[in-house]
Amino acid sequence: GDSVTQMEGPVTLSEEAFLTINCTYTATGYPSLFWYVQYPGEGLQLLLKATKADDKGSNKGFEATYRKETTSFHLEKGSVQVSDSAVYFCALRLNTGNQFYFGTGTSLTVIP
Amino acid sequence: KAGVTQTPRYLIKTRGQQVTLSCSPISGHRSVSWYQQTPGQGLQFLFEYFSETQRNKGNFPGRFSGRQFSNSRSEMNVSTLELGDSALYLCASSHYSGSDEQFFGPGTRLTVL
């Protein structure tokens, strides 16, 4: 069935370190792919998205490229900040229907 | 523009009881989806309502039900509560069914004792 698998956390990095959070998916057809972020005490917010193969989504210094050949959508940031500490969720939405499938989330803590 | 609101924010119930959670979408949004979030399972899709009709349904037992009103507000009901129903219940709204972006509310934290 359709699903998203993302790397398990928690991840702890020092400020200015490079971040990669892996995400792979299984889906029929051609899904749209998303990264959502949940800051402490807040609701999920859309971080970035890509709707077709080879698209790159970017926002707030984060990037992810839709790789159809590897069914992946890895999240990267070149230099993390303490304010990036949050839980990150990879998600897909099939082009039929409006059901989103989320990964289990990866907790990131950035220490000064 | 006001965001998605959910009430109540916290709820404590005992096994066997039932509970109703409420979600008010962003003004103009007609699609409302519900998710259950637990530490072990992450976010799991419950169902989606659009124009007062259930459009999609996840793999949850019939104890979980919902409805949507003409003003797009939605309610979710869980009957005969079990300990395993303890979770954060999230509501998300979007302009229409199939919209790329969902806007999430802060959630209702349900604890079943």
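First the proteins, then the strands, lettered A, B, ... as listed; each starts at 1. This one's a predicted model, so the numbers in the text were calculated from it and none came from an experiment.
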**Student:** Between CG of A:L46 and CZ of B:F104, what distance do you get to the nearest 0.5 Å?
**Tutor:**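 Spacing of CG (A:L46) from CZ (B:F104) equals 9.5 Å.
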**Student:** Against chain B, label A:F89 side chain, backbone, both or neither, depending on which of its atoms sit under 4.5 Å from a heavy atom there.
**Tutor:**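 Just the side chain, heavy atoms under 4.5 Å.
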**Student:** Which atoms of B:Q44 come close to chain A, meaning under 4.5 Å heavy atom to heavy atom: side chain ones, backbone ones, both, or neither?
**Tutor:**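 Nothing of B:Q44, per the 4.5 Å heavy-atom cut-off to chain A.
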**Student:** Quick check on A:K52: does its NZ atom have over 12 non-hydrogen neighbours (other residues, nucleotides or ligands) under 6.0 Å away?
**Tutor:**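 For A:K52, atom NZ is not crowded (no more than 12 foreign heavy atoms under 6.0 Å).
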**Student:** To the nearest 0.5 Å, how far apart are OH in B:Y35 and CZ in A:F100?
**Tutor:**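 Spacing of OH (B:Y35) from CZ (A:F100) equals 6.0 Å.
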**Student:** Check whether B:L43 gets within reach of chain A through its side chain, its backbone, both or neither, counting any heavy atom under 4.5 Å.
**Tutor:**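 Both the backbone and the side chain of B:L43 come within 4.5 Å of chain A.
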**Student:** Against chain A, label B:E101 side chain, backbone, both or neither, depending on which of its atoms sit under 4.5 Å from a heavy atom there.
**Tutor:**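 Contact with chain A involves both backbone and side-chain atoms of B:E101.
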**Student:** Would you say that more than 12 heavy atoms from the other residues, nucleotides or ligands in this model lie under 6.0 Å from the CD of A:E42, or not?
**Tutor:**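 More than 12 within 6.0 Å, yes.
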**Student:** Check this for me: B:R63, atom CZ, are more than 12 non-hydrogen atoms of other residues, nucleotides or ligands nearer than 6.0 Å?
**Tutor:**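 Atom CZ in B:R63 is crowded, with more than 12 foreign heavy atoms closer than 6.0 Å.
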**Student:** If you take all heavy atoms of A:Q38 and B:L88, which pair is closest and at what distance?
**Tutor:**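 Of all heavy-atom pairs spanning A:Q38 and B:L88, the closest is NE2-CD2, 4.4 Å.
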**Student:** Heavy-atom cut-off 4.5 Å, strictly under: side chain, backbone, both or neither for A:Q45 against chain B?
**Tutor:**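 Contact with chain B involves no heavy atom of A:Q45 at all.
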**Student:** Taking everything shown except B:Y10 itself, do over 12 heavy atoms lie less than 6.0 Å from its OH?
**Tutor:**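 Atom OH in B:Y10 is not crowded, with 12 or fewer foreign heavy atoms closer than 6.0 Å.
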**Student:** Hey, can you pull the donor-acceptor pairs under 3.5 Å for the side chains in residues 30-37 of chain A, sequence neighbours left out?
**Tutor:**
from: A:W35; atom 1: NE1; to: A:F73; atom 2: O; distance (Å): 2.8
from: A:Y36; atom 1: OH; to: B:Q102; atom 2: N; distance (Å): 3.1
from: A:Y36; atom 1: OH; to: B:Q102; atom 2: O; distance (Å): 3.2

**Student:** Got more than 12 heavy atoms from elsewhere within 6.0 Å of CZ, B:R55?
**Tutor:**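 Not buried by this count: 12 neighbours or fewer within 6.0 Å.
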